[in-house]
Amino acid sequence: MSNVILCYRNILENSGGIVTVTSENASFPKYRLYDRDIGKLFKGTTTPANFYITLDQGGTIYEVDRLLIPLGHNLDGLLLKLQYSTDNFAGDVNDAASWTQSDSGLINKTFTAQTKRYWRLNIAAPASIPILAEMYLTKTYTFVQNVAFDLQEKKQRNIGRRYTGSGNPRISKYGESKQYRNYRINCFLAAQKTEFESWETLCEGIKPVYISDHNGSWMFVEILNEISFSPLSNDLWSIGLELLETTTGGVGIYLLTEEGERIIIEDGTI
Amino acid sequence: MVKNINANQIMKLDRPWIQPVLFVHVLLDGETLYFSDRNFNFNGHDYEDYLEDLSGFEQSILQFGGYQNIKAKLRFSNLRIKTAMTLLEYFDTYSITRREMELYSLYVDTGEVFGSDVSTKLLRAAFGEIKEADQEWFDIEVFSILHHLDSKNIFTEINITNWPNAAPNAIGKQENIIYGSLRDIPCPCVQTYAVSTLFLDMAASGETYITLSNVDYPISFPSTGVVQIGNEKIQYSAKDSANKRLTVQTRAYGGTTAAIHKRAIPCWLVESPVATPLTFKYLVAGHQMKSVSVVYAGNDRIRINSSGYTVNLNEGGKTTITFTERQILKVLEITHTVSMNEGSHYHSSPSKISIIGNGGLIDANASYTITGTEPNMRDQSDLTNVEAWIQINNANKLAYLKTYFPAWGGPTISKVYACITHKISSFVGGMTAQLRDNRGGGDNFVANLSVTTTQVTQKFLLDSTIYPTQIWVYLNTGNPGGGIDIYVYELWLEVEYTDTGASPASGVTTTITIAGHDAEIIAPLILCDGEGYKDDGLGTYTGVASALIENPSDVRRHLLVALLGRSMGEIGDSFGTIRTTYVNRVAGGYKFGVILSKLGLKITDIFRKFDEQSRSNMREDGGKFELTFNDTASPTSQLTIDNNNWLEKPKFSQTSSNDIKNLIRATYDIDWGGVYQDRKYGDYKKQTERSNGTSISKYGTLPEDWEFPTIQSQVMAEDVADWILLQKKDVLRMTWLVVDQSAAILERGDYFTLNINRLAAAWTGLKWKIVKIIPNRGDEFSIDAIQFIGA
């Protein structure tokens, strides 16, 4: 069983940071690179020799060691470089990672951890206008104490099932199924507790994050439960995590009751 | 007519499992937003999940025509978009209110990539107002594109900006929009000038002033000009508003003859400035018409000689009639001198002859010639001059010569005689000539006139002592074939009255009034016969260049495209199909003849009445306007519904027993020029009744009145009334059920067959007409339907 990995901070979101792009389609703006909605796209408007997505972290500089770009991009076949700098690339230009993308799936690149103010993704000679759903430049946090075995792993469907008068089924799929994980992590130290608290502070229970689950599968998840630390001893804690994948299709199909309340359809039941 | 659904989608609908996706195109000014409840790329567009709920678009049609509004709203996620922090903020800048949207369905297989657009456009609608909003989401009302058309203004009001000299009784009226061939089209006066009535008598000479009832209201006389009183024109040099008078400068102006003028007769401006004759204009329609044929004046609809006016079918895109003289009934004053001690016959003179210019009093296309002069018409001593010579050469026309008399002001009447001197060359076919009068406000037969090749004077004793103010010669021409000459030399009344014994002889002056014509002094009523909108040179709407647009399908199409600004691409093929149905349905075909504003100023009201009066339903489906005709022939069933495809079993009810009607009384051929235009009933020229004996036997006679203002033909009125009777002569079965995706092909107005066991044997296998359908999420369809009834 793989250790669960958590990536909860995207430094493009830094409050003092500035993101610039070579060109921007007003209908698909650059803020979508860090809006934690992996269904909505950023699009440029040009195909220059080098298309840059540049970040100036500003005053608060975080260390990062991983780049995640969800599927939905059109970077397959392109030479990509993740670069950092101390002088906004005036003279100091360093490649943290450089690769030729070979598919249109999730881009997940690790590199030597760096604490630099300036970062950029260099898309070399794009044939088409670059499209990305998210550029998630983050720090990897690997659970020191992995999740317990009494975990729950399932796919949550979004379907409706009814029957005709003669009993024939009529099954409707309203949206993509989503991965669900229910984890318990026992016996971790105060240092890890601080990390969880930092996650909670940053994401406030509303922002999805990237995790690599116990199977080593990467997914973008929302946390369904409130984080509650249970002390096991003076310096040992346990925590439960209930995670639901957010898909490119959003979080589900809602129906409205006559009173206007929203009811989520789950597993075909209302 | 089922939905046009791509084969790719039909295949998916024909399986027990489906993946429906609904999405919308929000059509803002200058841009389109592609929204759904999920993010995906399809047909070159990135659809984004700004919508939380797309279900429940309820669309209905009405049983007898028309449609209800969509009952639906879209729920938007109030997310960041483009440069705006929230979608609501974006719509503050780029308004969505009254903008349009299109709703599509798409059935997909997981991972499927489409090579072409296979989606189905379900409807085109418009956004209303925000209903509920909070930080997370907001609802916006959605309404039918047909109701959206209510926001379009196709009517132009007559105002003083466009028509600075419009008559007060025309201000605020709608410019006519006319379809089809109409009689008696009321034409508002859009160019007239000052007019009033004499406040003081005027002698033939020596008068310093023309003292009037008003000089500044409702239309002000200019400070100088020329007025006409009777047949005399008078130039004036100043206006005294305080004393309401004009200063006489020149009597008998312009070659006219100075005369005595009595109080209360009209005085109107004819030149201003001096030597600049004024013209008087009437607006027939706010658009170019195909033709204007005959023009009438006054409530008596007196035909005007065509030399007296000019029709302009395209005066700045409008249709007008221009007169060089004020079209007013010339009121001729008469003083009756009654010798109080004479006690025998009184030879009454007519007070006026209805005359327009030099025209006569002939109605409806009869060819005529008037000779003689007005004084001769009132001169009983002269029986040699032909006062009116009516030559009849058209079939099936009516003609009449009407003579007016002042109210009797003398002693008590004992007898009244209607008198005529005439000569009639011959009668042919069923032709008759009658003398008639208006005693009691009616149309009273007095006597038949006989053929006489020599002049004859006849005197007819009336059967009451009521004194008529009008007598006239009424001609029912039948089918004379031409060549009939009617000569009328004189028309007069003779009165016997009680000798009062008063001595010496004293005069009684009968006051001449212009009762019944007061309203016409400023802008006399002008009507005309004509044909409304014509097709363009390409025959875009009718298929024939410049043809009259009168087929109900063409009228709707023209209204939608030419007036309401919809595109021809939105007109469904059904318009062509139903057009043919209209042509062949009854002898002469279905035709509309209508002044649009008289049906209502709301577009939906107009279309509803169109539907009611053509036994049709127009609706919007799939982004197109579609038309159905309610036939009595067994319709094609588009789907068989039974327990293999209903998800909720049918529930049944019946139409209200209170709505049973078995005697349909329909009035049609409205009198557009009638003075009671807005009054229900009594303003129609024709009426028909259709009844069902079986229903009457069961329930007794249950009448219902319908008005068909757009219909002029009896066979069409009967055909429409028959449909209503068919629907109302008994209760009809109704059903409600929920059907699986197999119903995705159905539209309102379509028929389906419903097989159901253990209800009632006769109820299974019936055909039902869909009046309401709700495509919930695209995978189940709530349907309301009503039983089809054949002839």
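Chain letters run A, B, ... following the sequence lines, proteins first and then strands; every chain starts at 1. Excluded from the calculations below are hydrogen atoms, water molecules and symmetry mates; all remaining heavy atoms, backbone and side chain alike, are included.
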Looking only at non-hydrogen atoms, find the nearest pair between B:Asp779 and A:Ser172 and report the distance.
OD2-OG, 2.6 Å
Atom CD1 in B:Ile81, atom CZ in A:Arg32: separation rounded to 0.5 Å?
6.5 Å
Output for pair (B:Arg38 CZ, A:Asn158 CG), nearest 0.5 Å, gives 7.5 Å
Just so I understand: if I count every heavy-atom pair under 4.5 Å between each of B:Gly56, B:Pro20, B:Gly778, B:Ser36 and chain A, which residue has the most?
B:Pro20
Determine whether more than 12 heavy atoms belonging to other residues, nucleotides or ligands lie under 6.0 Å from atom OH of B:Tyr94.
no
Is a side-chain donor-acceptor pair under 3.5 Å present for A:Tyr174 with B:Asp37?
no
Check the side chains of B:Asn645 and A:Thr164 for a donor-acceptor pair under 3.5 angstrom, ignoring hydrogens and angles.
no
Between B:Glu648 and chain A, with a heavy-atom cut-off of 4.5 Å, which part of the residue counts as in contact: side chain, backbone, both or neither?
neither
Any idea which heavy atoms bring A:Lys40 and B:Tyr50 closest together, and the distance?
CE-CE1, 3.3 Å
Tell me, for B:Leu51 versus chain A, whether the close heavy atoms (under 4.5 Å) come from the side chain, the backbone, both or neither.
neither
Would A:Lys173 and B:Thr110 count as a side-chain contact (heavy atoms from CB on, under 4.5 Å) if you check the C-alpha gap in whole Å, the side-chain angles of each, and the deciding distance to 0.1 Å?
CA-CA 10 Å; A:Lys173 179 179 173 183; B:Thr110 300; 3.0 Å; yes
Evaluate whether atom CD of B:Glu129 has more than 12 neighbouring non-hydrogen atoms of other residues, nucleotides or ligands under 6.0 angstrom away.
yes
Any salt bridge between B:Asp740 and A:Arg162, counting N to O under 4.0 Å?
no
Determine whether more than 12 heavy atoms belonging to other residues, nucleotides or ligands lie under 6.0 Å from atom CD of A:Gln152.
yes
Is it true that B:Arg80 and A:Asp37 make a salt bridge, defined as a side-chain N closer than 4.0 Å to a carboxylate O?
no
Let me confirm one number: the OH-CE distance from A:Tyr31 to B:Met85, rounded to the nearest 0.5 Å.
8.0 Å
Please step through side-chain contact (heavy atoms from CB on, under 4.5 Å) for the pair A:Arg161 and B:Trp17, ending with a clear verdict.
CA-CA 9 Å; A:Arg161 179 180 285 107; B:Trp17 65 89; over 6 Å; no
Distance, nearest 0.5 Å, that separates CG of A:Asn168 from CG of B:Leu647
10.5 Å
Above 12 or not: heavy atoms from other molecules or residues under 6.0 Å from NZ of B:Lys71?
no
Does any non-hydrogen side-chain atom of A:Lys43 lie less than 4.5 Å from one of B:Asp46?
yes
